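To keep things clear, I will list the structure first and then write my remarks on it.
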Amino acid sequence: MNLSSQLRRYPSRRTVLGAAVAGAALPILGGCVTGGGDETTEAASGAKTTDNPLGVPDKTPLEVVIFKGGYGDDYAINAEALYKQRHPGATVDHKGIQKVGEALQPRFVADTPPDVVDNTGAGRLDLATLVGAGKLTDLAELLDAPALDDPAKKVRDTLLPGVVDDGTFDGKVQALNFTYTVWGLWYSKPLFDKHGWTFPTTWDAMLALCEQIKKAGVAPWTYQGKYPEYLNDPLLAMAAKAGGPDLVKGVDNLEPGAWKQAPLVDAATAIAELAGKGYILSGSEALSHTEAQAAWSQSQVAIIPCGSWLEAEQKGVTPAGFDMVMAPTPALTSGDKLPQTALQAASSESFIVPAKAKNARGGLDFLRILFSTTAAKRFAELNSTMPSVAGALEGLTLSSGLGSVKTAVDAAGANTFTYRFRTWYAPLAKAVDDATGELATRRITPAQWSTRVQKAADAVAADSATKKYQR
Amino acid sequence: MTPTRHGRHRFLAGAILPALALYAVFVLSPYAQAFYLSLTDWTGVSGQVNFVGLDNFTRLAHDPLFLAALRNNGVMLVVVPAVTIGLGLLLAVLVMFGGRRGSAIRGATSYQTAYFFPQLLSLPIIALLWQFVYHPNDGLLNGLLRGVGLDSLARTWLGDPHLALWAVMAVLIWSSVGFYMVLFAAAMGSIPTELIEAATLDGAGRLVTLWRIVLPLLRDTVQVAFVYLGVLALDGFAVVQVMTVGPGGPDNATEVIGLGLYRNAFTFSRFGYAAAMGVALFFLTLTLAVIAMRAGRKERVELA
C-alpha cells in the first residue's frame with residue numbers, strides 16, 4: 001500500500017529494468033561495497049533567523065535528486081526556483097532521474113549523498129533499510145519550523161492526517177511523503193445512474209447490488225490479478241473498519257494471532273464470497289493492472305478496487321463522459337469500530353534528507369518550500385493529484401475522480417488508517433499478496449488464508465535478521 | 001631468442017594484457033566479491049558489512065521460496081532442453097532431408113529465416129507478446145480454442161498454478177527452437193555427402209541413415225546446445241518477471257532462482273542473501289556444464 005503504490009504503477013519499466021539489472025547485479029554491488037569512506041564531514045550551517053528558521057548557510061549549493069516518473073519533475077523545478085529566490089547566491093543542481101536506487105546506492109555507501117532526494121519509483125532504495133543503516137536526517141526540526149505561507153503554523157500542522165506517521169520510524173520522522181493516496185472502490189457514475197444502481201455502504205447491500213449488476217449482463221467486480229495486492233486493499237480496509245485502529249496496530253506490531261482476528265477472517269470471507277458467487281470477472285486473476293482497468297473503463301465491469309492515482313493513470317483510455325467516482329469500502333458489520341466513511345489513506349513520493357548531505361540545512365528548507373501551500377497547489381494543478389498538504393486543492397477546478405477523492409477525504413476527517421507492515425516487512429507483504437491471490441481464486445478458504453498469513457507474520461517476528469518496528 | 005621473436009612476445013603481451021586486466025576487473029573480481037558478500041549481511045546502502053559465515057546458505061536451505069525456485073528450475077532443466085533439442089532436430093531434419101530423395105526441401109532458407117525470427121526479439125518483448133496470447137478473455141490462444149468449439153479447453157493459462165510454469169516453458173521453447181533448428185541444420189549441411197551416398201548405396205533407408213549416420217555426427221552440436229539450454233532453463237528470469245502473476249506466481253508456481261535473487265536484493269535489500277543465491281546458482285550452472293561435457297565425451301564417433 002502506501003509506498004508500494006509507486007511500484008505497481010510502472011510494471012513495464014520495472015520488468016525491463018529488472019531484466020537488465022539482475023544480470024549486472026552482482027558486479028555492481030561487488031564494486032561499491034568496499035568503497036565506503038569513514039571520514040565524517042560536518043554539514044554546513046548558517047545563522048537561524050525569522051527569515052531563515054532552519055539556518056541555511058549562505059551561498060551553499062543544493063543538490064536535488066527527483067524521481068521523474070508519472071508526475072514529471074516540473075513541480076520540483078518550480079520549488080527550486082522559489083528556493084533560489086529565498087537564498088540568493090545559492091546554485092541548485094537538479095537531477096530528474098528514473099532509477100533513483102541505482103544512481104544513489106553507491107553514493108550512500110560512500111557517504112557522499114545529495115542534499116535532498118525524492119526516493120520513489122520501482123528502483124527506489126528500501127526506506128526501512130536506509131533508516132536501519134542510520135543514513136537519514138531526523139526531520140523533526142523541519143516539522144517544527146514555521147510554515148512558509150503561514151508562519152503562525154508549524155509545518156507539521158499543515159499536513160494531512162497520517163502523513164507524519166507514515167515517515168516515522170521508531171519515533172523519529174525520517175521521510176516526508178509529498179502525495180496523498182487514498183484507496184477505495186471505483187465506478188462510473190453515468191453507468192450506475194443508467195441502471196438506477198446506488199453505491200452500497202454495507203457489505204450485504206454490496207452482495208445484493210452485485211446480483212443486480214450480474215443480471216444486467218455486466219461483471220460486478222474485477223481486480224488487477226497479476227498484482228494481487230490490489231485486492232488486499234479492500235480486504236484490509238474492511239477489516240480495519242470492523243476491527244478499528246487496534247486491529248491495524250496489532251497486525252503491524254506482529255502480535256501473535258493478529259491475522260486470526262475475526263474482522264480479518266470476515267473480510268477474507270467477504271472477498272471469497274465475491275468469487276464464490278461468480279461476481280468477479282472470469283480470468284481476472286491473470287490480468288495485469290492495465291488489462292483489468294481497461295475492461296472496467298469499457299464498462300464490461302462495474303467496480304474495481306484501486307488507489308487515487310487511477311484517474312491519472314487511465315487518462316488516455318477513459319471514454320468521454322465516463323465520470324469515474326471513488327467510494328469508500330462498505331462496512332463489513334453493523335458494529336464496525338470506524339465509520340463507513342473512514343478511509344485507507346497514506347502518503348507516498350517520499351522525500352528524504354540524507355544524514356551525510358553536505359547541505360542538509362538547505363535540504364530541509366527545500367522541503368519546507370515544497371510542502372508550502374503555494375508549491376503544493378502548483379503540483380496539484382500540474383498532476384491532478386492530491387498533495388499531502390492540507391487545503392492544496394481549495395479553489396482548483398477538479399475532475400470527477402479527483403473531486404470524489406477530495407469529498408471522501410473531507411468526509412473521513414481524522415478517520416484514516418494505514419497498515420505499515422508493507423513498508424516495514426516486505427517479505428510479509430509478499431506472503432499476504434500470494435495468499436490473497438489464492439483466496440480470490442478459491443484455491444484456499446478464508447481460514448486457510450488467515451493461517452497462512454499468520455505463519456508468515458510469525459516467521460518475520462522470529463527472524464533475528466529483520467529489524468522490528470512498533471507503532 | 002631472436003630479436004624478432006622477442007618483439008612478437010612483447011606485441012602479444014601488449015595486445016592480451018589489457019584485455020586480461022579488463023576481464024579480471026570486470027568479470028573475475030565481481031565474482032570474488034560476490035563470494036565474499038554471500039558470507040555477509042550487507043544491506044546495499046551502508047558501507048558497514050558484518051561477516052555472518054554460512055548463515056545465508058543455511059537460510060537458503062530452509063527458505064520455502066528458494067526451494068520452490070529450485071524445484072521449478074529443476075523441472076525447466078528437464079523439460080526445456082529436451083523439448084527444444086527434440087523439436088529443433090525434427091525441424092532441421094524436415095528442412096534438410098524432407099525433400100524428394102532425401103534432399104533439402106524447396107525454400108529451406110526461407111523456413112530457416114522464419115523460424116529464426118524470434119531470436120531477433122529480446123526476451124522481455126517476447127514475454128510481453130505472449131502475455132497477450134495467454135490473455136484469459138481476449139487472448140489468441142483461448143480465442144482459437146473457442147473458435148474451433150473447444151471452449152472447455154480454454155484456461156487462465158498464467159493464473160492457474162498447474163499451468164503457469166508450462167505456459168512459461170512453452171514461451172522459452174518457442175523463443176529458442178528456431179535458433180537450434182538453424183544450428184542443427186548447419187551441422188547437418190556440413191556432413192560429407194559421400195557418407196550419405198555410401199549409406200544409400202549400402203541400401204540404408206532414410207530413417208536408418210538419419211539414425212545411424214546423421215544424428216551420431218551431430219552429437220557435439222547437441223551437447224553444446226544442451227549446455228546453453230540448461231543455462232537458459234536455470235535462468236528464466238525475464239520471462240517469469242514480465243509474464244507471471246506476482247511475479248513468480250500464482251502462489252510461487254513459477255518462482256525461479258533469478259527472481260528470488262532480484263527480489264531479495266532490490267526489494268528486500270538483502271544483498272548478502274541475494275549474493276548467496278547467486279553463488280548457489282553459479283555452482284548449479286557449473287555442475288550442469290561439467291556433467292553435460294563429461295557425459296558426451298565417452299561416446300565419440302570415430303570418422304576415420
Side-chain angles (χ1 to χ4, degrees), chain A residues 7 11-12 14-16 18-19 21-23 25-38 101 104-105 108-111 122-123 125-126 128-130 132-135 225-228 281-288 291 295 300 426-427 430 433-435 437-438 441 443-444 465, chain B residues 26-27 29-34 36-37 40-49 52 55 59 65 122-124 127-128 131 134-138 142 156-161 237-238 241-242 244-247 249-252 258-259 261-263 265-271 273-275 278:
Chain A
L7 197 97
S12 56
R14 170 174 51 170
T15 51
V16 176
V21 164
L26 293 178
I28 290 170
L29 58 96
C32 46
V33 64
T34 47
D38 285 331
L104 296 187
Q105 191 190 10
F108 271 103
V109 172
D111 281 335
L125 292 166
D126 184 59
T129 309
L130 284 172
K135 294 285 177 182
K226 207 175 154 187
Y227 311 102
L281 175 75
S282 74
S284 290
E285 69 268 26
L287 299 183
S288 69
E291 289 166 341
Q300 295 168 18
K430 171 161 169 52
D433 294 347
D434 289 346
E438 292 302 283
T441 42
R443 290 193 283 262
I444 59 173
Chain B
F26 290 108
V27 180
S29 86
Y31 264 112
Q33 294 214 31
Y36 164 64
L37 286 177
T40 70
D41 65 350
W42 192 44
T43 57
V45 294
S46 159
Q48 201 187 344
V49 179
V52 295
D55 259 22
R59 273 164 174 269
L65 275 175
S122 78
L123 218 46
L128 210 61
Q131 199 192 317
Y134 286 136
H135 190 293
N137 302 329
D138 317 323
N142 279 348
T156 49
W157 302 99
L158 294 169
D160 185 331
F237 171 81
Q241 168 87 348
V242 177
T244 62
V245 172
D251 208 21
N252 306 323
L259 192 65
L261 191 159
Y262 174 73
R263 191 189 297 120
F266 298 98
T267 313
F268 299 170
S269 263
R270 295 175 177 169
F271 279 77
Y273 190 52

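For clarity, every value in this text was computed on a predicted model and none was experimentally measured.
Taking CG of Asp138(B) as the reference point, atom CD of Gln300(A) lies at 6.5 Å (rounded to 0.5 Å). Between Trp42(B) atom CH2 and Thr129(A) atom OG1 the span is 11.5 Å, to the nearest 0.5 Å.
Each of Ala295(A), Pro228(A), Ser282(A), Ser284(A) has some count of heavy-atom pairs under 4.5 Å with chain B, and the biggest count is that of Ser282(A). Note on Ala426(A), Gly437(A), Gly134(A): by heavy-atom pairs under 4.5 Å with chain B, the leading option is Ala426(A). The residue among Asn252(B), Asp41(B), Leu158(B) with the most heavy atom pairs within less than 4.5 Å of chain A is Asn252(B).
Looking at Thr267(B) and Asp126(A), their side chains never come closer than 4.5 Å, going by heavy atoms from C-beta outward. Between Pro427(A) and Arg270(B), the closest side-chain pair of non-hydrogen atoms falls below 4.5 Å. Within the 4.5 Å cutoff, the side chain of Gln48(B) has no heavy atoms near those of the Val109(A) side chain.
If you measure heavy-atom distances from Thr244(B) to chain A, the contacts under 4.5 Å come from the backbone alone. When heavy atoms are compared at a cutoff of 4.5 Å, Leu128(B) does not approach chain A at all. Residue Asp433(A): no heavy atom, backbone or side chain, is found under 4.5 Å from chain B. Proximity to chain A (any heavy atom under 4.5 Å) is restricted, for Asn137(B), to the side chain, taken from C-beta onward. With a 4.5 Å cut-off on non-hydrogen atoms, Leu130(A) touches chain B through its backbone and its side chain both. No part of Ala128(A) comes within reach of chain B, as not one of its non-hydrogen atoms sits under 4.5 angstrom from that chain. Only the side chain of Leu281(A) comes within less than 4.5 Å of a heavy atom in chain B; its backbone stays farther off.
Arg59(B) and Ala465(A) get closest at one heavy-atom pair: NH2-CB, 3.1 Å. Between Ser288(A) and Gln131(B) the shortest heavy-atom distance is CB-NE2, 3.8 Å. Residues Gly283(A) and Pro136(B) approach most closely at O-CG, 3.3 Å, considering heavy atoms.
When each of Arg443(A), Glu285(A), Lys226(A) is tested with Pro250(B) by the rule side chain to side chain contact (heavy atoms under 4.5 Å, CB included), just one qualifies, namely Arg443(A).
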